[in-house]
2 protein chains.
Amino acid sequence: MPSSPQSTPKPLANLDFPRPLTTVDIVAFALRDERLHVLLVQRGSEPDEPFPGLWALPGGFVDVAKDATLADCALRKLREKTGVASPYLEQLGSFGSAARDPRGWSATHAYVVLIPAHLADTIAADASWFPIVGGGVKQKLAFDHDTILSVAITRLRNKVEYTSLPLYLMPAEFTLPELQRVYEIVLDRALEKSAFRTRMLSADVIEPVARTRKGPNRPAQLYRVKRAKAPTYFARTFNRPS
Amino acid sequence: MPSSPQSTPKPLANLDFPRPLTTVDIVAFALRDERLHVLLVQRGSEPDEPFPGLWALPGGFVDVAKDATLADCALRKLREKTGVASPYLEQLGSFGSAARDPRGWSATHAYVVLIPAHLADTIAADASWFPIVGGGVKQKLAFDHDTILSVAITRLRNKVEYTSLPLYLMPAEFTLPELQRVYEIVLDRALEKSAFRTRMLSADVIEPVARTRKGPNRPAQLYRVKRAKAPTYFARTFNRPS
DNA sequence: TGAATAGTGTCTGTTAGACACTATACT
DNA sequence: AGTATAGTGTCTAACAGACACTATTCA
């Protein structure tokens with residue numbers, strides 16, 4: 001039976017049935033200390049809150065008065081936690097079931113956000129960065145956030161194989177070896193220097209600046225992301241190890 | 001449902017705020033007459049319904065009593081419209097805003113479904129297949145379903161470049177030229193026969209059956225999908241025309 | 001035999017991987 | 001000079017595209 005009993009003589013269709021809770025959750029990634037990190041917040045410890053004291057992805061209920069769209073809601077939550085204004089924001093998917101929230105049937109809209117290195121420290125006091133170990137984080141997370149995080153990591157790793165997404169994790173200026181290192185950290189495997197440089201340079205997404213990174217050895221050319229460049233999709237993935 | 005520990009009206013956190021409407025919409029694709037089609041239903045013509053008489057993606061409100069998860073809800077809606085039980089089902093994304101439904105703030109969870117050719121005719125009386133022309137359908141659709149459909153088509157075309165997804169659109173037995181034709185219809189461009197055959201045969205996703213398709217010319221080997229095969233991801237896309 | 005489509009083989013172009021080689025800084 | 005890292009060049013492998021060629025059916 002479809003859910004439209006036509007007994008009520010209302011002007012609009014009858015909307016008087018229970019509605020699921022609607023939330024938005026953010027999986028914010030950043031690189032710190034040669035490690036991929038995810039942003040988590042600790043849930044209030046009042047016993048009337050679900051999962052008190054556990055760590056969780058930042059997020060919360062859609063506010064029908066404040067948020068014009070789901071993406072607006074995601075950006076608002078992110079701003080409240082990090083102060084970051086317009087980063088790379090991509091919808092991950094939605095997760096909804098009767099069981100995932102003890103308060104009732106709920107559906108969350110999950111977003112993935114990539115935070116550039118130089119902004120990763122401007123976060124709210126109640127939020128912290130946790131290193132990704134393998135497919136997740138050491139802590140047990142609230143709700144089904146373990147699952148959401150795991151899906152997000154898988155998606156990120158897959159896309160890094162054939163896109164320029166890691167550019168969103170870089171500081172304003174960076175060298176090619178540094179960029180390659182970021183790819184390797186996310187993918188958790190070594191890449192070939194020569195092939196990597198050829199791919200990046202021929203993609204026309206970065207441009208050299210008139211400076212070099214000095215060190216105890218040969219200095220490296222500094223690059224920056226070309227302005228107003230959408231992420232590039234390559235026609236091939238890096239070859240995975242057999 | 002086991003494990004529902006809320007038999008008492010607990011003093012849980014205050015949930016007394018307006019909730020968005022939660023719906024699920026299905027973008028069901030099938031091939032008919034050498035054309036990609038999408039399944040649409042016509043909205044009731046009572047003037048108290050939004051978008052009366054317009055065509056729309058099949059879908060509707062999540063029923064917190066019937067649907068254990070979002071995917072369950074999608075499968076239920078699909079079953080009611082097509083009788084198809086377990087096709088290829090993939091989440092497309094969610095679309096939520098204050099404006100998309102005149103009845104109030106609403107968020108829909110969109111799913112893409114691929115219907116095999118031999119099942120495309122077992123649909124409910126109030127649903128119909130509409131041919132995809134360019135990036136959408138000729139009709140103006142209800143809600144933001146034009147947008148959802150457009151996103152779904154883009155996603156499908158992108159994935160067909162590097163996956164074996166079109167196998168889900170095929171009948172039980174098919175020839176390689178027929179499969180190539182399906183790829184070409186979805187991608188709306190010609191593919192190279194030799195490269196196509198090499199890719200498909202080395203992917204180990206189909207196997208020949210002991211029959212051929214007769215015609216007014218050389219008969220073609222019939223194949224079927226290998227059992228229990230997840231969609232294959234190729235390491236390269238087809239080369240796009242420059 | 002000719003038309004039509006199925007199916008194969010051969011060559012080329014592109015790009016990743018392996019790896020050696022050169023380049024340029026610092027100590 | 002020695003070391004460390006940046007950056008290049010050369011060869012191979014994999015695979016898509018172009019296209020010619022062969023194979024098998026029917027009329």
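Lettering follows sequence order; numbering is per chain, from 1.
In summary, Arg189(A) and Glu161(A) engage in a salt bridge, as defined by a charged side-chain N under 4.0 Å from a carboxylate O. A salt bridge does not link Lys77(B) to Asp25(B): none of the charged side-chain nitrogens sits closer than 4.0 Å to a carboxylate oxygen.
Between Arg197(A) atom CZ and dT22(C) atom P the separation is 17 Å, expressed in whole Å. Straight-line distance from the CZ atom of Arg213(A) to the C1' atom of dA23(C): 20 Å, rounded to whole Å. Here dA18(C) presents its C1' atom at 14 Å from CG of Leu191(A), a figure rounded to the nearest Å. Here the P atom of nucleotide dG13(C) and the CD atom of Glu192(B) are 16 Å apart, to the nearest Å. Rounded to an integer number of Å, the gap from Phe174(B) CZ to dA6(C) P is 15 Å. To the nearest angstrom, C1' of dC15(D) lies 15 Å from CZ of Phe196(B). Rounded to whole angstrom, the span from the CD atom of Gln180(B) across to the P atom of dA6(C) amounts to 9 Å. At whole-Å resolution of the value, CG in Leu222(B) and C1' in dT5(C) are 15 Å apart.
For Ser94(A) and Gln91(B), the side-chain atoms include at least one donor-acceptor pair closer than 3.5 Å. For the residue pair Ser97(B)/Thr69(A), the side-chain donor-acceptor check at 3.5 Å is not satisfied.
The side chain of Asn217(B) sits closest to dA4(C) out of dA4(C), dA6(C), dA6(D). Counting only heavy atoms from C-beta on, Pro177(A) has its side chain closest to dA6(D) among dT5(D), dG17(C), dA6(D).
For the pair Arg199(B) and dC15(D), the criterion of a side-chain N or O lying under 4.0 Å from OP1 or OP2 is not met. Applying the 4.0 Å criterion to OP1 and OP2 of dG7(C), one finds that Arg218(B) has every side-chain N and O outside that range.
Side-chain to base pairing of Ser194(A) with dG9(D): one donor and one acceptor N or O lie within less than 3.5 Å of each other.
Place Arg236(B) and Pro216(B) on DNA chain D by their nearest nucleotides, and Arg236(B) ends up nearer the 5' end. Heavy-atom distances to DNA chain C give each of Phe234(A) and Tyr223(B) a nearest nucleotide, and the one nearer the 5′ end belongs to Tyr223(B). The residue among Ala195(A) and Lys214(A) whose nearest nucleotide of DNA chain C is located toward the 5' end is Ala195(A).
Between Phe51(B) and Phe143(B), the ring center distance clears the sub-6.0 Å criterion.
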